[in-house]
Amino acid sequence: MTRRSGTLRAEDLEPLAVFLGHGPSVGAPSAVDAVPPCWHWCLLLDPVDPSRLDDDGYPIGGPITPEPGMTRMFAGGRVTCTAPLELDSPTSRRTRVARTTDKVGRHGPLRFVTLESVWAQDGRTRLVDEQDYVFTPTAHPSDTATSSSTAPSSSTARSAAASPQTGRDPSTTLAEGRILVTEPMLVAFSGLTANPYRIHWDKDFCARSGHDGLVVHGPLQALWLAEEFSRRGEPFTGRTFSYRFTATATAPTVMTLDDGEDGALLVRRPDGTITATATLG
């Protein structure tokens with residue numbers, strides 16, 4: 001179990017506000033009095049010690065660091081909000097492995113791990129954040145053609161990224177529901193979330209893993225979906241934001257936010273493949 005604590009300040013929100021294209025005013029004192037939905041992913045982060053990272057960029061001995069011969073995939077998660085995280089209030093985060101399940105799949109052993117983070121203020125639980133990970137046997141080099149089939153081709157991604165630009169910050173939508181994803185954007189998000197995993201910033205590592213570009217973070221896509229629910233005026237208090245990742249996307253590219261069934265929201269690659277879904281229930 002890990003614990004972090006501190007007082008959340010308005011200025012702590014500024015880096016993510018600027019990244020998302022809201023401008024620094026969102027993080028200015030008195031601009032907001034609570035942490036927007038899912039922005040806690042950039043707060044009270046565990047420090048990264050480079051000397052304690054393995055060759056892939058995982059923390060050595062971490063609770064969700066894959067064992068040799070295994071690969072980790074972020075499958076999705078849930079954020080249940082009983083009350084917003086208030087600014088200028090002492091805050092604690094307690095993170096633990098909540099569940100571990102071992103199964104056997106077609107290609108070998110599978111492990112399912114749920115990491116739970118409980119955020120509290122004034123002795124009261126405000127958020128319960130559950131993240132689901134799947135550990136699978138690492139694909140052999142002969143399997144890379146199959147594994148890379150879930151990612152858009154380089155020509156598709158570059159063609160999409162070369163579409164007409166608006167001249168605005170690259171993290172903002174180009175048109176209704178369209179988001180330009182660049183390589184610097186992914187590097188910046190890795191920094192904002194203290195995520196040193198090389199799949200998001202090392203192109204050579206990605207190529208060896210069967211991807212044609214930097215892999216778009218799952219939490220970044222979930223954040224887009226949470227932002228869209230907020231833009232539509234949906235309240236998060238007393239509800240659970242559930243998200244799931246269904247396919248890989250690589251940068252540069254243009255992703256599209258779309259409506260799904262029964263009030264769900266989707267993220268699509270340029271080829272129409274759904275990469276993430278979310279509901280607010």
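In this text the structure is predicted, and so the values were computed from the model without any measurement. Only heavy atoms go into these numbers, but all of them, side chains included; no hydrogens, no water, no symmetry mates.
Defined by atom type and a distance below 3.5 Å, a donor-acceptor pair is missing between the side-chain atoms of Ser5 and Ser92. The closest side-chain donor-acceptor pair between Thr114 and Glu130, if any, does not fall under 3.5 angstrom. Between the side chains of Arg244 and Thr246, no donor-acceptor pair of N or O atoms lies under 3.5 Å. Inspection of the Glu227 and His22 side chains reveals an N or O donor paired with an N or O acceptor under 3.5 Å. A donor and an acceptor atom, one from each side chain of Gln221 and Thr275, are located under 3.5 Å apart. In this structure, a donor-acceptor pair under 3.5 Å is present between the side chains of Thr71 and Thr138. Donor-acceptor pairing under 3.5 Å is lacking for the side chains of Asn195 and Thr193.
You'll find the ring centres of Tyr58 and Tyr197 inside the 6.0 Å limit. Between Tyr243 and Trp41, a ring centre-to-centre spacing shorter than 6.0 Å is recorded.
In summary, Arg93 and Asp46 engage in a salt bridge, as defined by a charged side-chain N under 4.0 Å from a carboxylate O. Ion pairing of Arg268 with Asp258 is present here, as a side-chain N (NZ or NE/NH1/NH2) and a carboxylate O approach within less than 4.0 Å. Salt bridge absent: Arg99 and Glu116 never bring a charged side-chain N and a carboxylate O closer than 4.0 Å. The pair Asp259-Arg232 counts as a salt bridge, with a side-chain nitrogen and a carboxylate oxygen less than 4.0 angstrom apart.
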Q: Applying ring pair (Phe, Tyr, Trp, His ring centres under 6.0 Å), run through Trp224 and Phe189 and close with a yes or a no.
A: CA-CA 13 Å; Trp224 293 335; Phe189 192 73; 8.6 Å; no

